[in-house]
Amino acid sequence: MAEEYNHKGYIHSTESFGTVDGPGVRFVVFFQGCPMRCLYCHNPDTWKPGQGQQMTADEILEAYRKNEVFYKNGGITATGGEPLMQLDFLTELFRKAKKQGIHTCLDTSGIMYRKERQEEFDRLFEVLDLVLLDFKHSNEEGHKNLTGLGQKHVLEFARALEEKEIPMIVRHVVVPGITDDETHLKSLGKLLAGFRNLKGLEILPYHTMGKAKYEKLGLNYPLEQVENMDKEKAREARNIILRSFKNEKMIAI
């Protein structure tokens with residue numbers, strides 16, 4: 001992508017002082033558009049592509065600079081929606097951010113990765129400091145049931161990150177009755193043990209705060225009968241994953 005390009009991206013919103021989307025205090029950019037329909041999604045208003053505010057990378061970075069003093073140990077995070085749906089714009093944003101010494105973090109499901117577009121993804125990888133990879137499930141069937149799409153491209157994306165030695169923090173939402181069973185959690189730990197670039201694991205307890213958005217949009221909430229995930233049970237789920245992870249690592253030695 002030529003440097004003189006000045007693409008416009010479709011942006012749902014921005015957050016000036018994000019503290020849960022990467023290290024430090026961060027400027028968070030919510031990209032519009034997502035191909036998945038996760039049952040627990042709390043941002044259904046980001047699904048449709050081609051909506052939201054059109055912004056250039058320079059406009060986003062101008063907004064970043066307004067509070068730049070607070071981002072000393074942070075940076076900029078692209079989330080969504082699914083930022084990889086706007087790959088060229090995302091790459092331009094991060095390239096310009098890196099030129100200004102800004103730490104870049106991508107929160108993604110990896111679902112848009114395609115090997116046949118490797119050159120395009122390589123351009124992104126060159127300016128990518130950290131990935132928060134949302135692992136939805138530990139197997140193909142569970143992934144399809146939960147998101148509507150298969151898991152193949154997610155795993156390929158994770159392997160591509162590993163090959164490029166890009167640090168990866170895995171995020172996993174624990175949903176009562178869906179992703180909290182021990183078999184699944186152990187399988188996830190075993191799966192993650194195979195990645196050399198894994199730097200962390202974040203377990204996110206399912207919550208029902210997205211219900212109001214569904215009502216506002218006139219959508220049925222898929223998990224109407226599911227209660228919030230107990231935080232203590234979420235901690236135990238993380239422990240199960242980590243025990244399986246460590247056991248798999250020991251076997252591999």
Side-chain angles (χ1 to χ4, degrees), residues 18-26 28 36 38-42 73-75 77 79 103 105-111 113 128-147 149-209 223 226-253:
T19 58
V20 295
D21 296 297
V25 178
R26 308 189 69 83
V28 184
M36 296 201 295
C38 301
L39 297 180
Y40 55 72
C41 179
H42 60 279
N73 297 314
T77 296
T79 185
H103 182 276
C105 177
L106 170 63
D107 180 12
T108 178
S109 68
I111 197 69
Y113 177 78
L128 185 53
D129 290 318
L130 176 67
V131 171
L132 307 177
L133 184 58
D134 299 319
F135 255 84
K136 309 296 184 179
H137 209 280
S138 60
N139 62 67
E140 175 73 7
E141 182 180 1
H143 196 278
K144 273 189 176 180
N145 291 337
L146 188 57
T147 72
L149 295 175
Q151 193 179 37
K152 173 186 174 182
H153 299 302
V154 177
L155 297 176
E156 289 177 343
F157 180 70
R159 293 299 177 195
L161 294 177
E162 180 184 43
E163 183 177 336
K164 295 296 182 179
E165 299 182 341
I166 297 173
M168 176 177 77
I169 295 175
V170 164
R171 288 178 153 183
H172 182 63
V173 180
V174 182
V175 186
I178 298 179
T179 57
D180 64 340
D181 65 279
E182 190 167 341
T183 299
H184 154 69
L185 296 171
K186 286 181 176 179
S187 295
L188 182 58
K190 184 176 181 180
L191 176 64
L192 297 181
F195 292 98
R196 299 185 304 276
N197 60 329
L198 182 66
K199 302 300 179 183
L201 172 65
E202 296 181 3
I203 295 301
L204 309 176
Y206 165 78
H207 60 74
T208 59
M209 289 187 290
L223 303 181
V226 179
E227 300 293 331
N228 287 330
M229 184 69 186
D230 180 79
K231 290 184 179 180
E232 184 57 41
K233 290 182 179 179
R235 280 192 287 270
E236 177 55 29
R238 186 176 191 274
N239 289 335
I240 293 172
I241 295 172
L242 289 177
R243 285 196 294 269
S244 176
F245 177 93
K246 291 175 182 177
N247 288 338
E248 186 67 18
K249 283 287 190 183
M250 290 178 65
I251 292 172
I253 294 175

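The analysis underlying the following values was restricted to heavy atoms, covering all of them including side chains, and did not include hydrogens, waters or symmetry mates. As the structure is a prediction and not an experimental result, all values here were calculated from the model.
- In this model, a donor atom of one side chain and an acceptor atom of the other lie less than 3.5 Å apart for T208 and N228.
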In a table with atom names and distances, give each donor-acceptor pair under 3.5 Å that connects a side chain of residues 164-176 to protein atoms at least two apart or in another chain.
| from | atom 1 | to | atom 2 | distance (Å) |
| --- | --- | --- | --- | --- |
| R171 | NE | E202 | OE1 | 2.7 |
| R171 | NH1 | D21 | OD1 | 3.3 |
| R171 | NH1 | D107 | OD2 | 3.3 |
| R171 | NH2 | V20 | O | 2.1 |
| R171 | NH2 | E202 | OE1 | 3.4 |
| H172 | ND1 | F135 | O | 2.7 |
| H172 | NE2 | H184 | NE2 | 3.0 |

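- In this structure, the separation between CG on L191 and CG on L155 is 6.0 Å, given to the nearest 0.5 Å.
- Within 6.0 Å of atom NE2 in H153, more than 12 heavy atoms from other residues, nucleotides or ligands are found, so the atom counts as buried in its surroundings.
- With values rounded to the nearest 0.5 angstrom, N247 atom CG is found 11.0 Å from L242 atom CG.
- Checked for salt-bridge contact, R235 and E232 meet the test: a charged N lies under 4.0 Å from a carboxylate O.
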With side-chain contact (heavy atoms from CB on, under 4.5 Å) as the test, would you mind laying out the steps for F157 and V131 before giving the verdict? CA-CA 11 Å; F157 180 70; V131 171; 4.2 Å; yes
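- Here the side chains of V226 and Y40 are not in contact, with every heavy-atom distance at 4.5 Å or above.
- Put simply, the side chain of I240 reaches to within 4.5 Å of the side chain of R243, judged on heavy atoms.
- Here the closest heavy-atom approach between residue L146 and residue K136 is recorded as CD2-O, 3.4 Å.
- For E182, the salt bridge (Lys or Arg N to Asp or Glu O under 4.0 Å) criterion is met by K186, not counting sequence neighbours.
- For the pair R159/E156, no side-chain contact is recorded, criterion being any heavy-atom separation below 4.5 Å from C-beta on.
- Side-chain atoms of T108 and L133, non-hydrogen and from C-beta on, do get closer than 4.5 Å to each other.
- Within the model, atoms CG of D180 and CE of M229 stand 5.0 Å from one another, a figure rounded to the nearest 0.5 Å.
- One distance of note links CG of D134 with CE of M36; it measures 7.5 Å at 0.5 Å rounding.
- Here the straight-line distance linking atom CD1 of I203 with atom NZ of K231 works out to 14.5 Å at 0.5 Å rounding.
- Listed for the H143 side chain is a donor-acceptor partner under 3.5 Å among the backbone atoms of L149.
- At distances below 3.5 Å, at least one donor-acceptor pair connects side-chain atoms of Q151 with backbone N or O atoms of H137.
- Using a 4.0 Å cut-off between a side-chain N of Lys or Arg and a carboxylate O of Asp or Glu, K144 and E141 do not qualify as a salt bridge.
- In this structure, OG in S138 is found 9.0 Å from CD1 in I241, a value given to the nearest 0.5 Å.
- Listed for the E162 side chain is no donor-acceptor partner under 3.5 Å among the backbone atoms of N197.
- Considering every non-hydrogen atom in both G150 and E140, the closest pair reads CA-OE2, 3.3 Å.
- Proximity of L223 to Y206: side-chain heavy atoms (C-beta onward) are separated by under 4.5 Å at one or more points.
- In this structure, S187 and N139 have side chains that are not in contact, with every pair of non-hydrogen atoms separated by 4.5 Å or more.
- Of all the heavy atoms in A234 and P205, the pair that sits closest is CB-CG, 3.9 Å.
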